[in-house]
Novice: 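Here's a structure for you.
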Amino acid sequence: MDFLEFIDELDQEQAYTDQISMSDEPVYMTSEFCDEQVLEESTTYAVKEFLEADKLRQPPYEEANTEERAQYLKEFHDNFNEVTGYTNNLHFREDMNPENLGAFNPETKQINLNESLLLEDDPQQVMETIMHESRHAFQDFAINHPEQVSVDKETINMWEYNFKHYIRPEFDFEAYVNQPVEADANDFSERMFCDGFCKAS
């Protein structure tokens, strides 16, 4: 059964809406064209740079406080995110549900991350969450600007349909994980971290 058939069987119309960010900072769109290969190369390089830079940081990530960690991660995000079309859209929040690691809001174009992620000494999970939510930002950019991305029309149409019929984890967790936009974001974040980690010296 494909995704469209599954949605028809669920007989639901869920809009893709996440928590609205508390921040009123403007989000800027900068990308004239986003090639997926360039995006992947930029993201892999950002992971590599982040991991290698930690050997020289004072303090290193493991010893840094939450404010310092948040700054390190915003710099990591900035290193690749402008090619997805949006900048200045990453915010850590303390009022998010503990089970919710992050969310991209297609209305505000902002990425909200659970501040609790900053408590982990190992940055892998928070880095993958940043890349996962940034991938949702790219999907949104592709839907709204299909002529500005190197993504085929069929994929963009599927992403757009999925966002309009989004399956939430509390409704069906397996279906949530396997729906197109989440499967794509999971694959992207895990693959980019693995590639960048392997390239780090």
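Note that the numbering runs from 1 along the sequence shown for the chain.
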Novice: Going by the rule side-chain contact (heavy atoms from CB on, under 4.5 Å), which residues pair with Leu101 if we only count those two or more places apart in sequence or in a different chain?
Specialist: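 Once residues adjacent in sequence are excluded, the partners of Leu101 under the side-chain contact (heavy atoms from CB on, under 4.5 Å) criterion are Leu117, Gln125, Thr129.
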
Novice: Flag the pair Val126 / Phe76 as yes when at least one side-chain heavy-atom distance between them is below 4.5 Å, and no otherwise.
Specialist: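 Val126 does not reach Phe76 side chain to side chain.
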
Novice: Is there side-chain contact between Tyr72 and Phe50, with heavy atoms separated by less than 4.5 Å?
Specialist: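 SC-SC contact between Tyr72 and Phe50 confirmed.
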
Novice: Is the distance between the ring centroids of Phe141 and Phe138 under 6.0 Å?
Specialist: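 No.
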
Novice: With sequence neighbours excluded, give me every salt bridge (charged side-chain N to carboxylate O under 4.0 Å, His left out) pair touching residues 118-127.
Specialist: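 Checked against salt bridge (charged side-chain N to carboxylate O under 4.0 Å, His left out) - neighbours excluded - the pairs reaching residues 118-127 are Arg69-Asp121.
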
Novice: Mind listing the closest non-hydrogen atom pair of Phe163 and Ile143 along with its distance?
Specialist: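 Of all heavy-atom pairs spanning Phe163 and Ile143, the closest is CD1-CD1, 3.3 Å.
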
Novice: Would you give the length of the straight line joining atom CD of Glu49 to atom CZ of Phe80, rounded to the nearest 0.5 angstrom?
Specialist: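 Between Glu49 CD and Phe80 CZ, I get 13.5 Å after rounding to 0.5 Å.
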
Novice: Give, for atom CD1 of Ile167 and atom CG of Asn162, the distance between the pair rounded to the nearest 0.5 Å.
Specialist: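 The CD1 atom of Ile167 sits 6.5 Å away from the CG atom of Asn162.
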
Novice: Would you confirm whether Asn178, through its side chain, and Ala183, through its main-chain N or O, come within 3.5 Å as a donor-acceptor pair?
Specialist: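 Such a contact is absent between Asn178 side chain and Ala183 backbone.
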
Novice: Output yes when a side-chain donor or acceptor of Glu133 lies under 3.5 Å from a complementary backbone atom of Ile111, and no otherwise.
Specialist: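 Such a contact is absent between Glu133 side chain and Ile111 backbone.
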
Novice: Heavy atoms only: give me the nearest Ala200-Leu51 pair and the separation to one decimal.
Specialist: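 The pair with the smallest heavy-atom distance is CB-CB, 4.2 Å.
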
Novice: As a quick check of understanding, evaluate side-chain hydrogen bond (donor to acceptor under 3.5 Å, both in side chains) for Asn89 and Asn81, giving each step before the final call.
Specialist: CA-CA 9 Å; Asn89 68 336; Asn81 190 60; 3.2 Å; yes

Novice: Can you name the nearest heavy-atom pair linking Leu113 to Met96, along with the distance?
Specialist: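 Closest pair (atom of Leu113, atom of Met96, distance): C-SD, 3.5 Å.
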
Novice: Where do Glu128 and Ser189 come nearest, in terms of heavy atoms and distance?
Specialist: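 Heavy atoms of Glu128 and Ser189 come nearest at O-CB, 3.3 Å.
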
Novice: Could you tell me the separation between the CD1 atom of Ile130 and the OG1 atom of Thr43, rounded to the nearest 0.5 Å?
Specialist: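 Separation between the atoms: 11.5 Å.
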
Novice: Quick one: pull up CG in Leu118 and CG in Leu73 and give me the separation to the nearest 0.5 Å.
Specialist: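 So the gap between those two atoms works out to 6.5 Å.
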
Novice: Kindly state each residue pair satisfying salt bridge (charged side-chain N to carboxylate O under 4.0 Å, His left out) with at least one member in residues 139-159, sequence neighbours excluded.
Specialist: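 Non-adjacent pairs meeting salt bridge (charged side-chain N to carboxylate O under 4.0 Å, His left out): Lys109-Asp140.
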
Novice: Parallel, tilted or perpendicular for Tyr176 and Phe173, by the 30°/60° rule?
Specialist: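 Geometry flag for Phe173 against Tyr176: tilted rings.
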
Novice: Please answer whether the main-chain N or O of Gln110 pairs with a side-chain N or O of Asn105 as donor and acceptor at a distance below 3.5 Å.
Specialist: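 Judged by distance alone, no pair lies under 3.5 Å.
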
Novice: Among pairs that include at least one residue of residues 184-194, which meet salt bridge (charged side-chain N to carboxylate O under 4.0 Å, His left out), considering only residues two or more places apart or in two chains?
Specialist: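 Checked against salt bridge (charged side-chain N to carboxylate O under 4.0 Å, His left out) - neighbours excluded - the pairs reaching residues 184-194 are Glu40-Arg191, Arg135-Asp184, Asp187-Arg191.
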
Novice: Would you call Met127 and Val47 a side-chain contact if the rule is heavy atoms closer than 4.5 Å?
Specialist: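 A side-chain contact exists here, since the closest heavy-atom pair is under 4.5 Å.
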
Novice: If you measure from OG1 on Thr44 to CG on Leu39, what distance do you get to the nearest 0.5 Å?
Specialist: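 Spacing of OG1 (Thr44) from CG (Leu39) equals 9.0 Å.
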
Novice: Only counting residues at least two apart or in another chain, list the ones meeting ring-ring contact (aromatic ring centres under 6.0 Å, His included) with Tyr45.
Specialist: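 Counting only residues at least two positions away or on another chain, Tyr45 forms no ring-ring contact (aromatic ring centres under 6.0 Å, His included).
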
Novice: After noting the C-alpha distance and the side-chain angles of Gln37 and Ser150, does the key distance pass the side chain to side chain contact (heavy atoms under 4.5 Å, CB included) rule?
Specialist: CA-CA 9 Å; Gln37 183 175 348; Ser150 62; over 6 Å; no

Novice: Check side-chain contact (heavy atoms from CB on, under 4.5 Å) between Glu75 and all other residues, then give those that pass, not counting sequence neighbours.
Specialist: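 Gln71.
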
Novice: Can you find a side-chain donor-acceptor pair between Tyr166 and Glu182 that sits under 3.5 Å?
Specialist: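 Side chains of Tyr166 and Glu182: pair found under 3.5 Å.
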
Novice: Hey, could you give me the NE2/CZ distance between His145 and Phe33, rounded to the nearest 0.5 Å?
Specialist: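 These two atoms lie 13.5 Å from each other.
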
Novice: Please answer whether the main-chain N or O of Val181 pairs with a side-chain N or O of Gln139 as donor and acceptor at a distance below 3.5 Å.
Specialist: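 Yes, the answer is positive, given that a donor and an acceptor are paired below the 3.5 Å cut-off.
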
